[in-house]
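Structure first, commentary second.
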There are 2 protein chains.
Amino acid sequence: MDDLSSIALDHLIADLGDIPVVTEPKVVRRRSRDFFWYSPILNEQLDGKSADLIVAPRNEQDVIRTAAACARHRVPLTVRAGGTGNYGQAVPLKGGVLLDMMALSDIEWIRPGQLRAGAGARMNDIDARTQAEGFELRMHPSTKRTATIGGFVAGGSGGIGSVTYGGLRERGNILAARVITLEEEPRVIELRGDAAQKVNRAYGTTGIITAVEMPLAPAWKWIDVVVVFDDFMEAAAFGYEAALSDGIVKKVLAPVTWPLPLYFGALRPHCPDGKSILIAMIAEPSLESFKALLGDRGSITLETPTDDSPGQVPLYEYTWNHTTLQVLKSDRTVTYLQCLYPHDQLLEKIAEMRELFPDEVLQHLEFIRFGGRVTCSGLPVVRFTNADRLNEIMSLHEQRGVYIANPHVFTVEDGSRYKRADADQLGFKHEVDPHGLLNPGKMRSFVSSRP
Amino acid sequence: MDDLSSIALDHLIADLGDIPVVTEPKVVRRRSRDFFWYSPILNEQLDGKSADLIVAPRNEQDVIRTAAACARHRVPLTVRAGGTGNYGQAVPLKGGVLLDMMALSDIEWIRPGQLRAGAGARMNDIDARTQAEGFELRMHPSTKRTATIGGFVAGGSGGIGSVTYGGLRERGNILAARVITLEEEPRVIELRGDAAQKVNRAYGTTGIITAVEMPLAPAWKWIDVVVVFDDFMEAAAFGYEAALSDGIVKKVLAPVTWPLPLYFGALRPHCPDGKSILIAMIAEPSLESFKALLGDRGSITLETPTDDSPGQVPLYEYTWNHTTLQVLKSDRTVTYLQCLYPHDQLLEKIAEMRELFPDEVLQHLEFIRFGGRVTCSGLPVVRFTNADRLNEIMSLHEQRGVYIANPHVFTVEDGSRYKRADADQLGFKHEVDPHGLLNPGKMRSFVSSRP
């Protein structure tokens, strides 16, 4: 609870009027968590951190009223929606209000190639609605079925679809964001185009996002494909060729080294012992070309339309950070890294890292576009011994030209590096959060001039 | 007429039965030409070359009957459709039959992301039909309004749309082709996937294409945009950034150096004196992001929905080889080159070529993807002095690492180089054209074993 007086909280609650509030400590503590526990280091640092109460605005007016009350009483406010982050993005470090955005889920409009939705709209619901009109989100995290669009913009960086469109930081992948400032008289600011990058992956420190405008991609009929290879580097080499094939429409290309498929539950029967696999989502009209490219280099053990309806497990739930989750389900001794490989030495560096940590770092790659070039994001599963060794592994990557976005830190500055938006987020924070109440502690370099 | 006896031709015509035939020499001579006259060298070599007669099959059965008759009487057959080629692709070197494919224009079916059409279907008609269902061809030449899909596959290589999908040679950009062999008993062969590359840019030497299956792209609302820059290299640098921006959906990015816009007719008012321009086609939902990327580096002088209906001049008719045509309309002393810049030294090499030939080679680039990398195809307008100097200019490009596809030669082997399909076209020709009657003289390395 830090230095928040219960008097301040009482005043705050009084000012909120009929806006729904939850104070039941057990519920508040549970909802103050996200998936930071993938990291043993964050797990130590963030365990037990909790808001004092949950406020659940029903609409933007409620958000404005809550922001005003928080400013007036100097109560911290941390925004939360699906809570699917991995770095404690939505974990309040200094108590206060946890702002539950789930009710702001309206889809304002859908136009050809564009959508505007409330920050709390679930990405799965957006896709269901837009797919009926021939469109879908360009990209989504592997947590699409629980994540919200506002949370993805505020805490994510890319995912399924980034093999074609790059990450959220690429120009054109966020069209606009509407934010509320944390002031006694909150302002509503529409950030269009490049300006929207001010809230991209800022963990809600630079304004409360109430709505976003996102570009849409054509909605293809996607086919989930598992290809099996004798050797991981063959899977990586084929994935690279497929990623470079502009004539083949794809949404995911993810080579996964053996023994990770051992942990793949429902997918395990499609993963022969000792073999590495490539997980792919291919547009149906491109499937024949994909197979022609493959030739007899690998064998396809699964080919089925992507189905993420309830009860189904789409293939994308074995990619990105879901790979880590699949392993964590039965082995809690592992953690993970986030790497960006250099596009001009891609396969060499993958092989080099593999030789450096043959059993300790189990590779799993995601082909992406980054600045217009095909490369890989690596999310290897790491056998954890201690923090020093984990830091050493990261250093060894960086010394050899593989960039690291450290997923074992909770601040915007320390964690993002290459995922960082190209915008003056710190400057903007001074404008919208003069008292430093928005998710305090997460933007390390910020010092309020009006605390 | 070479060694074709009029007796052979008489027998041929008799065998054709009721298939429409044109023998009127003036008409036959006129239709035996294409746009090879862009090249003063080809103009000398090909001027006067003509078929002996035009045969106009009404359907595939007529094609088969014509092929059988040509094989029986050893009469050469050269396929022609829109006749928009620039290298004499459809010019018969040894007389015989000019096979007019325009009547095979049926669209067999349209599925999400795929189409199957007769070789003679005009690309503009295909787009009109598929756009109604939300799709369009992934790419088309600047001659889209007269070119056919079969002719594009047989003689083209890429064009408007290749900035996203690469050229026809990229896997997945031709799904299948149906071809008729030139034998006494013609066979019908369905070439699927990689096998379809056997007819890609083979100028009709490797079988008579009667139908093709092509992938479709989503049909965006395209906006024609002209951006003006003080300096050509600024236009090129901005074009490069836009080409690398995977979040911005585009169909053309073409920097054009001053003074080429002097010749741009209806577009001239949008091209200030002394300024270089960038011609772009941007999907409407990406226009705002495109402008954000531009900032104040250049100024937009035209922004209007792409309109290629009759009477309109879409912006793409100032790009690719239409740029050359715009200049040739008022200055017949010029010709052009086709260059491929190395993707890893792109802007440096463009600047280097510019300094090497400041007034003689007037640059005009098309951003494309090639093997998954962003680079430029250059189609500079060249002030022509003589063949030796033209060859020297090409050599100087190649010596400095800029690849040349010589557009001043008429054989498949000499002309294509980097546009060449990755398939055993020569081996396939032996299978389908044992007598060497298909467009004879165009596949230089072929020697018939059964003349």
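Lettering follows sequence order; numbering is per chain, from 1. Atoms considered below: every heavy atom in the structure, side chains included; atoms not considered: hydrogens, waters and symmetry mates.
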Interface residues of residues 290-299 of chain B facing chain A - non-hydrogen atoms under 4.5 Å apart: B/A292, B/L293
Contacts of residues 235-250 of chain B with chain A (heavy atom under 4.5 Å): B/Y240, B/L244, B/D246, B/G247, B/I248, B/V249
Pairwise side-chain contact, A/L175 with B/S289, heavy-atom cut-off 4.5 Å (strictly under): yes
Side-chain heavy-atom pair B/P218, A/W220 within 4.5 angstrom cut-off: yes
Residue A/I174 versus chain B: region with a heavy atom under 4.5 Å: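 Answer is neither: A/I174 stays 4.5 Å or more from chain B.
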Under 4.5 Å from a heavy atom of chain B, the part of A/R138 involved: side chain
Which atoms of B/P215 approach chain A - backbone, side chain, both or neither, heavy atom under 4.5 Å: neither
Residue B/L216 versus chain A: region with a heavy atom under 4.5 Å: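 Contact with chain A: backbone only.
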Heavy-atom pair count under 4.5 Å with chain B, highest-scoring of A/A176, A/P112, A/G193: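 Of the candidates given, the most pairs with chain B belong to A/P112.
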Inter-residue atom distance B/E284.CD - A/Q114.CD, 0.5 Å rounding: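 The CD atom of B/E284 sits 7.0 Å away from the CD atom of A/Q114.
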Non-neighbouring partners of A/D307 that pass side-chain contact (heavy atoms from CB on, under 4.5 Å), sequence neighbours left out: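 Partners of A/D307 under the side-chain contact (heavy atoms from CB on, under 4.5 Å) test: A/S309, A/Q312.
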Taking every non-hydrogen atom, the tightest pair across B/G113 and A/P285: O-CB, 3.7 Å
A/E234: side chain to side chain donor-acceptor pair (under 3.5 Å) partners, not counting sequence neighbours: none
